[in-house]
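All values derive from a computational prediction rather than experimental measurement. Residue numbers begin at 1 in each chain, while the letters A, B, ... track the order of the sequences.
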Protein chains: 2
Amino acid sequence: MTQKRVTSFDVAREAGVSQSAVSRAYTPGASISKRTRDKVEAAARKLGYQPNAIARSLISRRSNMVGIVMADIINPFYPAVLDMFMRKFQERGHRVMLFMASRDQNIDDLLPQLLEYQVDGVIITSSTLSSEMAEYCSKLGTPVTLFNRYVPDVEASSICCDNIGAGRSVADLFLNSKHQQLAYIAGIENTSTNKDREYGYKTRITERRAKPMLKEVGNYTYEGGYQAALRLFAAGQPDAIFCANDIMALGVMDALRSELKLRIPEDVSIIGFDDIATAAWQGYRLTSIRPPIERMVDATINNLIERIEDPSTPLAASIESIELAIRDSARLPEHIGMLHSFE
Amino acid sequence: MTQKRVTSFDVAREAGVSQSAVSRAYTPGASISKRTRDKVEAAARKLGYQPNAIARSLISRRSNMVGIVMADIINPFYPAVLDMFMRKFQERGHRVMLFMASRDQNIDDLLPQLLEYQVDGVIITSSTLSSEMAEYCSKLGTPVTLFNRYVPDVEASSICCDNIGAGRSVADLFLNSKHQQLAYIAGIENTSTNKDREYGYKTRITERRAKPMLKEVGNYTYEGGYQAALRLFAAGQPDAIFCANDIMALGVMDALRSELKLRIPEDVSIIGFDDIATAAWQGYRLTSIRPPIERMVDATINNLIERIEDPSTPLAASIESIELAIRDSARLPEHIGMLHSFE
DNA sequence: CTGAAAGCGCTTACAG
DNA sequence: CTGAAAGCGCTTACAG
């Protein structure tokens, strides 16, 4: 049955050294002789000892855990992001406590649960927090970083990609290749990602004095995109559609092909956002905006850890540039290479 | 800056009660008068106090955290599973510490990192552990449950679905609808899921004295399925293919349509496994075996928590029955309803 | 380098 | 119901 846990005192007794010595054997850089360490290691192996990280966290006031809040894990973009976060934190020896939020809800009520466990820092993805809650974290000394979201005037770092620039570029791409009627399929309307993508796209269309864009809302889901496409063509006849994410774009493609009998890209050009794995599948070959996930993840982790280690580190507010992954779903100007980089 | 944390002593002083009283105010069921509790709550609110879960874990020897080990989060089946686990644990007030393993590796070296944090229990998905490690956990009193995997003679519970039965049923389905040459696309060959699905399928084909099945390995990925399909048709001419998971089946469908110019299901029938969301997309309409995810998740959580609360609870070894989600990728016998249930 | 001791912030018998 | 006290299993000054 459950046997008594073996503690550093047990190991000390077995090894014939003090309990402090045992602790030092497990503290990198502690001053301990090789002889003592060897004795401790032998005793620990014999007894099956492993330090208790909970006790260590309590006394050292450092849990070595970070909290990650995710929502929307059904959209394949986020599992890829989570996977990358996990691997990098594991490599660095950090543990992660995961929380699942409803998509794009405010997570003020979730945060106390994280804070209770004294996580050293928090990463928030596809959700937001109030500025009061951010201030509370900041007072507690727990740094917070928003990944792929921002909220103005909040005491948190924010790592995004250039959503506005992406929208502008897509508009240019469509217009440069002689599309007449552009359309936009929105994600969840009040998210910063959606607002920025839409703003850039729409603004650029206006600047170039093209026909005002058509728009429907797809809520970032396949089914939402599918239905939005149907509504779009019931109301008008666009020949170019920018979708706020890939999974909606895939729904749009299926709707055009199976219900509307339109050819892609001959009749309609489509560009998505995220460059998820499915976008490259033979059945779709979707042209898509590719955010630099790895750079964003690295920036997020680096800034968070810096702020954990030195609380005076300034907040980050970075906007990483994106690329275009060109495949077959859009008619584009001829001079664009296989992988186009917007700088 | 980082201000001194407010502790139960601070709250006690503010409220004019003992520190024990503060603790009791946060312990459900503790004997404390309403008056005292009110005073504590007022003081706590004023000071912004929240109990330190790390200290609680240390003294109560219960962390209220469970560890979940996942691999293969790129396959959309697992994010859906993770999402369900997360929501259910959050509802019950458990925290989860997440670990990412490489797919189907042995996670013996990962477990100590979990155990160090005194998780109350561990769930392992799409990976395995050695029986030595399982025994070690058991000695420590930390229950382990394998989700969708089993390893023989190991001190861990195991919740699976009926992989063997599924394989047999698919063989019957194909044979009953007059397919001549069956084929199998394997996942990762040494996984229990793959072995069981293949065993059931192959055995049933033999029992019915049909032509021996063709086989290629697709390693559970889209690309792997795509390439396996090409190899399959270079070597033979199957008219029915059972794929060990959906994502490979999708790759197979794309390969048949875009490279081999074969029609589905007129020329070739395809059945997948997992019933992931993508299987229902218009572009695929894949017929697939649907494991009862929610029942499996519930069984996993219930057994784990029971064993946490009462270590004498016996191990579970459950095999949940599966269903067939019928769509358009396979020619099937006419008398099967929309959603077929194998009991 | 080493050990004795204090203390992290709680829970929980124990006595009243 | 309430408080004083012990103790969970460590880290880390402090003194030698």
Side-chain angles (χ1 to χ4, degrees), chain A residues 2-41 43-44 47-65 112 115-120 140-141, chain B residues 2-41 43-44 47-65 112 115-120 140-141:
Chain A
T2 309
Q3 56 189 31
K4 196 176 166 308
R5 274 177 197 166
V6 7
T7 72
S8 55
F9 279 93
D10 302 324
V11 176
R13 195 176 315 115
E14 176 72 27
V17 299
S18 71
Q19 181 268 335
S20 326
V22 176
S23 174
R24 290 193 183 100
Y26 287 92
T27 308
S31 67
I32 182 171
S33 67
K34 178 162 182 348
R35 239 186 112 244
T36 306
R37 160 171 281 128
D38 289 346
K39 282 196 286 188
V40 169
E41 277 171 6
L47 301 182
Y49 170 74
Q50 198 193 12
N52 181 325
I54 293 286
R56 173 189 294 153
S57 301
L58 182 59
I59 185 70
S60 67
R61 301 160 134 282
R62 189 59 100 65
S63 68
N64 213 24
M65 294 192 285
L115 267 15
E116 190 187 24
Y117 276 84
Q118 320 298 126
V119 294
D120 296 334
L140 246 42
Chain B
T2 309
Q3 56 190 30
K4 195 177 168 307
R5 274 177 198 167
V6 7
T7 73
S8 55
F9 279 93
D10 302 324
V11 176
R13 196 176 314 115
E14 175 72 28
V17 299
S18 72
Q19 181 267 335
S20 326
V22 177
S23 174
R24 290 196 182 97
Y26 288 91
T27 308
S31 67
I32 181 171
S33 67
K34 178 163 182 349
R35 242 188 109 243
T36 307
R37 162 172 280 129
D38 289 347
K39 282 196 284 188
V40 169
E41 277 171 6
L47 301 181
Y49 170 72
Q50 197 193 14
N52 182 325
I54 293 287
R56 173 188 294 153
S57 302
L58 182 57
I59 185 70
S60 67
R61 301 159 135 284
R62 188 59 101 64
S63 68
N64 212 24
M65 294 191 286
L115 268 15
E116 189 187 25
Y117 276 84
Q118 320 297 316
V119 294
D120 295 334
L140 246 42

Would you sketch DNA chain C in dot-bracket for me? Only Watson-Crick or G-U wobble pairs with both distances under 3.5 Å count, crossing pairs as [ ], other-strand pairs as |, the rest as dots.
|||.||||||||.|||
Among residues 31-40 of chain A, which contact DNA chain C at a heavy-atom distance under 4.0 Å?
Ser31(A), Ile32(A), Ser33(A), Thr36(A)
Atom-pair distance ([atom1] on [X]; [atom2] on [N]), nearest Å:
{"X": "Tyr117(B)", "N": "dC8(D)", "atom1": "OH", "atom2": "P", "result": "21 Å"}
{"X": "Gln118(B)", "N": "dC8(D)", "atom1": "CD", "atom2": "P", "result": "14 Å"}
{"X": "Leu58(B)", "N": "dG9(C)", "atom1": "CG", "atom2": "P", "result": "12 Å"}

Ring centres under 6.0 Å, that's the criterion: do Tyr26(A) and Tyr49(A) meet it?
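Here the rings of Tyr49(A) and Tyr26(A) have centres that are less than 6.0 Å from each other.
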State, to 0.1 Å, how close Leu47(A) and Val6(A) come at their nearest heavy-atom pair, and which atoms those are.
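Heavy atoms only, the tightest pair is O-CG1, 3.5 Å.
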List for me each residue that meets side chain to side chain donor-acceptor pair (under 3.5 Å) alongside [X], sequence neighbours excluded, and say none if there are none.
{"X": "Asp120(B)", "value": "Ser63(B)"}
{"X": "Ser60(A)", "value": "none"}
{"X": "Thr36(B)", "value": "Ser33(B)"}
{"X": "Glu116(B)", "value": "Arg95(A)"}

Looking at Arg61(A), I'd like to know whether one of its side-chain N or O atoms comes within less than 4.0 Å of OP1 or OP2 on dG7(C).
no
Contact string for nucleotides 10-16 of chain D, one letter per nucleotide 5' to 3', B = base within protein heavy-atom range under 4.0 Å, S = sugar-phosphate only, - = neither, reads BBBB---
Which residue pairs pass the salt bridge (charged side-chain N to carboxylate O under 4.0 Å, His left out) test when at least one of the two sits in residues 13-30 of chain B, sequence neighbours left out?
Asp10(B)-Arg13(B), Glu14(B)-Lys46(B)
